[in-house]
Student: 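Can you read through this structure? Questions will come right after.
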Amino acid sequence: MEHLQKRNNIAIRIEELQKDVEQSNLLSREAVTAIKKVFNVDAVNDKYAYEPAVKDDIATALTAFALVAWNKDRDLGSATTLVKCALGLYISDELRQNIWVYEKQLEELYGKHVGQDICYFCAGAPHDNNSALEKKLYIEKDRSNYIVARKVKFSVLELKVPRCGRCANEHDTLANKYHFTWAGIAILFVVIGAFTGGLIIFGLLGVGIGYLVARYVKNYLKQEDIKENNDDIIGLHPQVAPLLEAGWSFEQPQA
């Protein structure tokens, strides 16, 4: 009875959202976004500093939800986020030990599935065969160092990096907004330069300022739970990293 009296709206809300996911009314990632609106680790620790049962109750609800996120949506990203939130609370040692066990299990699942059958970019959904990212890898085979005519021979590997449909859409949307913003600002400055007699100066300013603004817009709009599709991040993909270690590169060899 004492435990029930200490329950609060946060634990109840987490359980409500869990039921919505179980009934397919919400995706796990959507539920996690909703949880973040009513839950803050530091705020809960401060508010319930002398009520350990409340924090244990919330942590238990978060961990139970993490299990549902994996089993229902194959969403390791959301499951991991929920468990980390639970471990961020000042909870009892016994409960913490139990959650650590589950955290370890999630780490093992992450290493086994992410990049193999679960999207590497979000860890939140299975791969979509129509959403793979096409990349080219190169490896040098032979090089002639004649002064007059330098030549290099190389092989090309057409690679399809698997990802889910959501990440494919996010990557395409961000790329379009990035290029549109950069081009729009550059064109604006060129037009201003054409009317003021400073075409070259304004053109260069437009390119530079457009690049900076486009980068800001891209960083502001991107979803925090989705990795970017740049070469540095793709290079860590479990299906790509072994190829890079074997000598393949994103850069085409130059003579």
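What you see below is based on every heavy atom in this structure, not just the backbone, and it leaves out hydrogens, waters and symmetry mates. No experiment lies behind these values; they were computed from the predicted model shown.
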Student: Please report the interatomic distance CZ(Phe65) to CG(Leu82), rounded to the nearest 0.5 Å.
Tutor: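 Output value for this atom pair is 6.0 Å.
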Student: Could you walk me through whether Leu236 and Tyr120 pass the side chain to side chain contact (heavy atoms under 4.5 Å, CB included) check?
Tutor: CA-CA 9 Å; Leu236 298 175; Tyr120 163 76; 3.4 Å; yes
Student: Establish whether Ile233 and Leu137 are linked, either directly or via other cluster members, by ILVMFWY side-chain heavy-atom contacts under 4.5 Å.
Tutor: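 Looking at the clustering, Leu137 is in the same group as Ile233.
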Student: If you measure from NZ on Lys227 to CD on Glu170, what distance do you get to the nearest 0.5 Å?
Tutor: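 Those atoms lie 13.5 Å apart.
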Student: Hydrophobic cluster membership, with links at side-chain heavy-atom distances under 4.5 Å among I/L/V/M/F/W/Y: are Ile209 and Leu204 in one?
Tutor: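 No, no single cluster joins them.
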Student: Going through the distances and angles, do Lys151 and Asp142 end up as a salt bridge (charged side-chain N to carboxylate O under 4.0 Å, His left out)?
Tutor: CA-CA 8 Å; Lys151 293 183 179 180; Asp142 185 54; over 6 Å; no
Student: Taking Leu87's backbone N and O only, do any of them form a donor-acceptor pair with Arg96's side chain (distance below 3.5 Å, no angle check)?
Tutor: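 It does hold such a pair.
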Student: Return yes when atom CG of Asn230 has more than 12 non-hydrogen atoms of other residues, nucleotides or ligands closer than 6.0 Å, and no otherwise.
Tutor: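 Correct, the count exceeds 12.
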Student: Is there a path of hydrophobic side-chain contacts, each under 4.5 Å between heavy atoms of I, L, V, M, F, W or Y residues, that connects Ile187 with Tyr211?
Tutor: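 Ile187 does not cluster with Tyr211.
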Student: With a 4.5 Å limit on heavy-atom distance, are the side chains of Val83 and Ile99 in contact?
Tutor: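 Yes, at least one pair of side-chain atoms sits under 4.5 Å.
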Student: Can you tell me how far the CD atom of Glu22 sits from the CD atom of Gln18, to the nearest 0.5 Å?
Tutor: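 These two atoms lie 4.5 Å from each other.
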Student: How many angstroms lie between atom CG of Leu62 and atom CG of Leu67, to the nearest 0.5 angstrom?
Tutor: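 One finds 13.0 Å between CG of Leu62 and CG of Leu67.
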Student: Identify the two heavy atoms, one from Asn45 and one from Leu89, that lie closest to each other, and give their separation to 0.1 Å.
Tutor: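 Shortest heavy-atom contact: OD1-CA, 3.4 Å.
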Student: Does any part of the side chain of His113, heavy atoms only, come nearer than 4.5 Å to the side chain of Trp70, both counted from C-beta?
Tutor: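 Counting from C-beta outward, Trp70 and His113 do come under 4.5 Å.
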Student: Does Thr181 have any side-chain contact (heavy atoms from CB on, under 4.5 Å) partners at least two apart in sequence or in another chain, and if so, which?
Tutor: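 Testing Thr181 for side-chain contact (heavy atoms from CB on, under 4.5 Å), a comparison that skips the adjacent residues, returns Ile185, Val213, Ala214, Val217.
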Student: Ignoring hydrogens and geometry beyond distance, is a side-chain donor-acceptor pair present between Thr81 and Lys36 at under 3.5 Å?
Tutor: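 Short answer, no.
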Student: If you take all heavy atoms of Leu95 and Ala59, which pair is closest and at what distance?
Tutor: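 Minimum heavy-atom separation between Leu95 and Ala59: CD2-CB, 3.9 Å.
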Student: Are Leu17 and Val21 side-chain neighbours, meaning at least one heavy-atom pair lies under 4.5 Å?
Tutor: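 A side-chain contact under 4.5 Å is absent here.
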Student: Can you find a heavy atom in the side chain of Lys112 that is under 4.5 Å from one in the side chain of Glu108?
Tutor: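 Not in contact.
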Student: Decide yes or no for Ile234 and Phe121: does some side-chain heavy atom of the first lie under 4.5 Å from some side-chain heavy atom of the second?
Tutor: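 Counting from C-beta outward, Ile234 and Phe121 do come under 4.5 Å.
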Student: List the atom pairs, donor and acceptor, that lie under 3.5 Å between side-chain atoms in residues 248-255 and the rest of the protein, sequence neighbours left out.
Tutor:
| unit_1 | atom_1 | unit_2 | atom_2 | d |
| --- | --- | --- | --- | --- |
| Ser249 | OG | Glu251 | N | 3.0 |
| Gln254 | NE2 | Gln252 | O | 3.2 |

Student: Any chance NZ of Lys135 has more than 12 other-residue heavy atoms, nucleotides or ligands included, within less than 6.0 Å?
Tutor: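 Yes, NZ of Lys135 has more than 12 neighbouring heavy atoms, counting only those of other groups under 6.0 Å.
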Student: For Asp75, is there any backbone N or O sitting under 3.5 Å from a side-chain donor or acceptor partner on Asp73?
Tutor: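 No.
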Student: Run the side chain to side chain contact (heavy atoms under 4.5 Å, CB included) test on Val114 and Tyr110 for me, step by step, so that the C-alpha distance in whole Å, both residues' side-chain angles and the decisive distance to 0.1 Å come before the verdict.
Tutor: CA-CA 5 Å; Val114 172; Tyr110 199 99; 3.7 Å; yes
Student: Nearest 0.5 Å please: distance from the CD atom of Gln97 over to the CD atom of Glu94.
Tutor: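 Spacing of CD (Gln97) from CD (Glu94) equals 9.5 Å.
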Student: Any side-chain to backbone donor/acceptor pair from Glu15 onto Ile12? Under 3.5 Å, distance only.
Tutor: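 No, because the side chain of Glu15 does not come within donor-acceptor range (under 3.5 Å) of the backbone of Ile12.
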Student: So, taking the atom named CG in Leu174 and the one named CG in Asn229, what distance separates them when rounded to the nearest 0.5 Å?
Tutor: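 Going from CG on Leu174 over to CG on Asn229, the span is 8.5 Å.
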Student: Taking all atoms of both residues into account, what is the closest heavy-atom pair of Pro242 and Pro238, and its distance?
Tutor: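 Closest pair (atom of Pro242, atom of Pro238, distance): CD-O, 3.2 Å.
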Student: Salt bridge check, Glu16 against Arg13: does any charged N sit closer than 4.0 Å to a carboxylate O?
Tutor: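 Yes, Arg13 and Glu16 are salt-bridged.
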Student: Hey, quick one: are Ile226 and Leu27 part of the same hydrophobic cluster, counting side-chain heavy atoms closer than 4.5 Å, chains of contacts allowed?
Tutor: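 Ile226 does not cluster with Leu27.
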Student: With heavy-atom distances below 4.5 Å as the criterion, would you say the side chains of Val44 and Tyr90 are in contact?
Tutor: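 No, every pair of side-chain atoms sits at 4.5 Å or beyond.
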Student: For the residue pair Gly235 and Leu244, what are the closest heavy atoms and their distance?
Tutor: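 That would be CA-CD1, 3.5 Å.
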Student: With a 4.0 Å cut-off, would you call Asp117 and Arg74 a salt bridge?
Tutor: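 Looking at Asp117 and Arg74, the cut-off is met.
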Student: Show the nearest heavy-atom pair for residues Gly124 and Ile118, with the distance to one decimal.
Tutor: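 Closest approach of Gly124 to Ile118, heavy atoms only: N-CG2, 4.2 Å.
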Student: Do Gln239 side-chain atoms and Gly115 backbone N/O form a donor-acceptor pair below 3.5 Å?
Tutor: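 Yes.
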Student: Can you tell me if CD1 on Ile201 sees more than 12 non-hydrogen neighbours from other groups inside 6.0 Å?
Tutor: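 Open: at most 12 neighbouring heavy atoms sit under 6.0 Å from CD1 of Ile201.
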Student: Return yes if some donor-acceptor pair links the side-chain N/O of Asn8 with the main-chain N/O of Ala11 below 3.5 Å, else return no.
Tutor: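 Present.
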Student: Are the side chains of Ile35 and Ile10 in contact, using a 4.5 Å heavy-atom criterion?
Tutor: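 In short, these two side chains do not touch, never coming nearer than 4.5 Å.
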Student: Determine whether Lys72 and Ser24 satisfy the following criterion, side-chain hydrogen bond (donor to acceptor under 3.5 Å, both in side chains), listing intermediate values before the conclusion.
Tutor: CA-CA 9 Å; Lys72 181 68 177 178; Ser24 300; 3.0 Å; yes
Student: Between Asp57 and Ala53 (side chain of the first, backbone of the second, donor and acceptor by atom type, cut-off under 3.5 Å), is there such a pair?
Tutor: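 Checking the backbone N and O of Ala53 against the side chain of Asp57, no donor-acceptor pair under 3.5 Å is found.
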Student: Pairs of donor and acceptor atoms involving the side chains of residues 154-168, under 3.5 Å and at least two apart or interchain, shall be tabulated with distances.
Tutor:
| unit_1 | atom_1 | unit_2 | atom_2 | d |
| --- | --- | --- | --- | --- |
| Arg163 | NE | Ser131 | O | 2.5 |
| Arg163 | NH1 | His171 | ND1 | 2.8 |
| Arg166 | NH1 | Asp225 | OD2 | 3.2 |
| Arg166 | NH2 | Gln223 | OE1 | 2.7 |
| Arg166 | NH2 | Asp225 | OD1 | 3.1 |
| Arg166 | NH2 | Asp225 | OD2 | 2.9 |

Student: In terms of heavy-atom contacts, does CG of Asp93 have more than 12 from other residues, nucleotides or ligands at under 6.0 Å?
Tutor: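 Result for CG/Asp93: open.
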Student: At their closest point, which heavy atom of Val41 faces which heavy atom of Gly88, and how far apart are they?
Tutor: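 Looking at all heavy atoms of both residues, the closest pair is CG1-O, 3.2 Å.
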